[in-house]
Amino acid sequence: MQRVLLTGAAGGVGRRLRRLLPPVYPEVRLTDIAKPPDLAPGETFLAADLADLAQVEAVVDGVDGIVHLGGHSVEGPWETILQANIVGCYNLFEAARRKGVKRIVFASSNHTVGFYPRHRRIGTDVPVRPDSRYGVSKAFGEALGALYADKHGLRVLCLRIGNVADVPADHRRLAIWLSPEDLLQLIRIGLEHPDLRYEIFYGASRNERAWWDNARASAYGYRPAGRAEDHRAAALAAEAGRAPDPVGDFFQGGPFCSDEFDGSTDDVW
Ligand code: 15L
């Protein structure tokens with residue numbers, strides 16, 4: 001794997017990966033809708049709007065693998081999600097097919113399964129239970145990845161990312177935190193593992209409070225090094241003064257579940 005494209009390079013996760021990818025991959029091309037303000041002299045950047053297929057084809061041309069972080073990374077109005085995450089994700093997979101790209105690592109999200117309760121441990125084989133339009137768009141991306149793997153032979157790894165940060169930010173993130181270094185380990189499996197065709201992994205570090213069974217990732221050799229509990233005191237201190245959220249605190253997706261929740265059904269509990 002020589003030439004790698006990183007979409008969403010200007011975002012928080014993209015910024016962290018820009019430090020970690022170049023020592024591993026000789027040629028990293030960055031893209032986003034607008035140039036990152038902190039672009040370093042050696043970094044190669046090409047702007048593209050994911051909603052424009054011709055622009056996406058131009059940026060994927062000549063790369064071997066793609067790490068697709070691009071799109072809208074939280075809940076948003078339907079039009080925003082539609083263009084950035086549905087149309088944008090389709091354009092990315094279709095452009096990759098047309099240009100002969102071999103592998104895609106797709107940044108999916110824990111919000112594909114956010115309406116599972118926290119007391120339930122789930123693998124990646126459960127039906128999706130999205131907690132937002134954003135979560136639905138990520139489930140769409142996972143399905144699209146399966147289509148392009150089965151029909152067109154792309155090798156695709158979908159990462160249901162918890163929360164990428166230098167340290168876990170709060171109580172919920174103690175269960176779902178993913179260190180940037182562990183994310184790199186997962187990406188390397190997606191871009192390099194010879195047996196990988198299509199898989200879904202959870203993007204989480206070695207978190208003792210995890211709600212997820214990440215056996216598929218372990219089977220491919222994932223050995224996370226980050227341990228959320230090492231940061232427990234600071235994460236719990238960050239909770240001080242937070243108002244209780246009965247819906248968000250019960251379900252895995254947290255505030256994405258309580259946002260717009262209208263309480264009109266008991267079946268979800
Ligand atoms: C996500 O999918 C978001 O991209 C990220 O910004 C966080 O909100 C994260 O989920 C989370 O669940 O904490």
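Please read all numbers here as calculations on a predicted model, not as lab measurements. Numbering of ligands and ligand atoms starts at 1, following listing order.
Considering only residues two or more places apart in sequence or on other chains, D52 meets the salt bridge (Lys or Arg N to Asp or Glu O under 4.0 Å) condition with none of them. The salt bridge (Lys or Arg N to Asp or Glu O under 4.0 Å) check on R118 picks up nothing, with sequence neighbours excluded.
T7 pairs with exactly one of I66, V67, V60 by the side-chain contact (heavy atoms from CB on, under 4.5 Å) rule, that one being I66.
No side-chain heavy atom of R160 sits under 4.5 Å from any side-chain heavy atom of W212.
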Give a table of atom pairs where an N or O of ligand 1 lies under 3.5 Å from a protein N or O.
unit_1   : atom_1 : unit_2 : atom_2 : d
ligand 1 : 2 (O)  : S109   : OG     : 2.8
ligand 1 : 2 (O)  : Y134   : OH     : 2.7
ligand 1 : 4 (O)  : S73    : O      : 2.6
ligand 1 : 4 (O)  : Y134   : OH     : 3.2
ligand 1 : 10 (O) : H111   : NE2    : 3.0
ligand 1 : 12 (O) : N110   : ND2    : 3.2
ligand 1 : 12 (O) : H111   : NE2    : 2.7
ligand 1 : 12 (O) : R172   : NH1    : 3.2
ligand 1 : 12 (O) : R172   : NH2    : 2.7
ligand 1 : 13 (O) : R172   : NH1    : 3.1
ligand 1 : 13 (O) : R173   : NE     : 2.8
ligand 1 : 13 (O) : R173   : NH2    : 3.1

Return all side-chain donor-acceptor pairs below 3.5 angstrom for residues 82-89, not counting sequence neighbours, or 'none' if the list is empty.
unit_1 : atom_1 : unit_2 : atom_2 : d
N85    : OD1    : H72    : N      : 2.7
N85    : ND2    : H72    : O      : 3.0
N85    : ND2    : S137   : OG     : 3.1

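In summary, E260 and R133 engage in a salt bridge, as defined by a charged side-chain N under 4.0 Å from a carboxylate O.
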